[in-house]
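No hydrogens, no waters, no symmetry mates; every other heavy atom, side chains included, goes into these values.
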Amino acid sequence: MRDDFTQTLERSAPSFMRLPGAEYVDYIPASGPQRRILAVISRTPPEWLARTAGSVRPSCEVLVHNSSADGISSSEVDTGGDKIDLGYNVNEMPRILRIAEIINHDAGMMELRAV
């Protein structure tokens, strides 16, 4: 049985996505249909990738509801295979970024790194 704290996290996550700063992105799982979800994006300057000499790639942190119904469930994420289609800069055409890792998650929210 889930405890009160877990239930509170699950109930409060959808209201967080109604705050200013949330935007729609397209979640593209490696298997299964693409879907549009709300996310809060923290955009960072492009960073050097150590694995490929001389390669610069944008990176961002994506905060989503930890739910397969209206976000992304932590149990369904395929790091390296799943992608997110989002506008990296304001007024820029969307680009597809790969979900590289789950940074953190709880019963209500999940933070991902996309590169």
Side-chain angles (χ1 to χ4, degrees):
M1 176 151 183
R2 295 186 329 259
D3 61 20
D4 290 340
F5 182 68
T6 300
Q7 291 175 7
T8 300
L9 290 172
E10 290 171 343
R11 280 194 311 270
S12 63
S15 62
F16 183 79
M17 288 300 164
R18 289 192 293 272
L19 295 173
E23 59 189 91
Y24 282 99
V25 300
D26 291 318
Y27 170 58
I28 308 165
S31 60
Q34 175 176 328
R35 62 184 188 259
R36 196 149 184 81
I37 61 170
L38 272 172
V40 175
I41 312 296
S42 296
R43 294 163 173 90
T44 58
E47 58 186 45
W48 289 97
L49 296 177
R51 286 175 261 145
T52 55
S55 210
V56 176
R57 178 123 177 138
S59 171
C60 59
E61 294 174 3
V62 182
L63 188 64
V64 298
H65 185 193
N66 187 357
S67 163
S68 58
D70 58 356
I72 306 171
S73 171
S74 59
S75 63
E76 72 180 310
V77 173
D78 174 4
T79 54
D82 291 355
K83 298 180 173 85
I84 293 185
D85 190 0
L86 57 85
Y88 183 71
N89 293 313
V90 177
N91 296 326
E92 182 180 80
M93 291 295 295
R95 65 173 71 182
I96 296 175
L97 300 177
R98 180 180 50 84
I99 296 176
E101 68 176 312
I102 296 174
I103 298 170
N104 197 0
H105 70 91
D106 58 33
M109 304 296 291
M110 178 170 52
E111 187 177 15
L112 305 165
R113 180 173 325 285
V115 295

Cluster check Y24, V40: I/L/V/M/F/W/Y, side chain < 4.5 angstrom: yes
So which atom in [X] and which in [Y] form the shortest heavy-atom distance, rounded to 0.1 Å?
X: D82; Y: A30; value: OD1-N, 2.7 Å
X: G87; Y: R43; value: O-NH2, 2.6 Å
X: V115; Y: A100; value: CG2-CB, 4.0 Å
X: L86; Y: C60; value: CD2-SG, 4.2 Å
X: I96; Y: K83; value: CG2-CD, 3.4 Å

Does any N or O in the side chain of N66 come within less than 3.5 Å of the main-chain N or O of S74, such that one atom is a donor and the other an acceptor?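 Here the side-chain-to-backbone pair exists.
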Straight-line distance of [X] [atom1] to [Y] [atom2], nearest 0.5 Å:
X: M109; Y: N104; atom1: CE; atom2: CG; value: 11.0 Å
X: R35; Y: D26; atom1: CZ; atom2: CG; value: 11.0 Å
X: L63; Y: E111; atom1: CG; atom2: CD; value: 6.0 Å

Decide yes or no for [X] and [Y]: does some side-chain heavy atom of the first lie under 4.5 Å from some side-chain heavy atom of the second?
X: D70; Y: I37; result: no
X: L112; Y: I72; result: yes
X: M110; Y: V77; result: yes

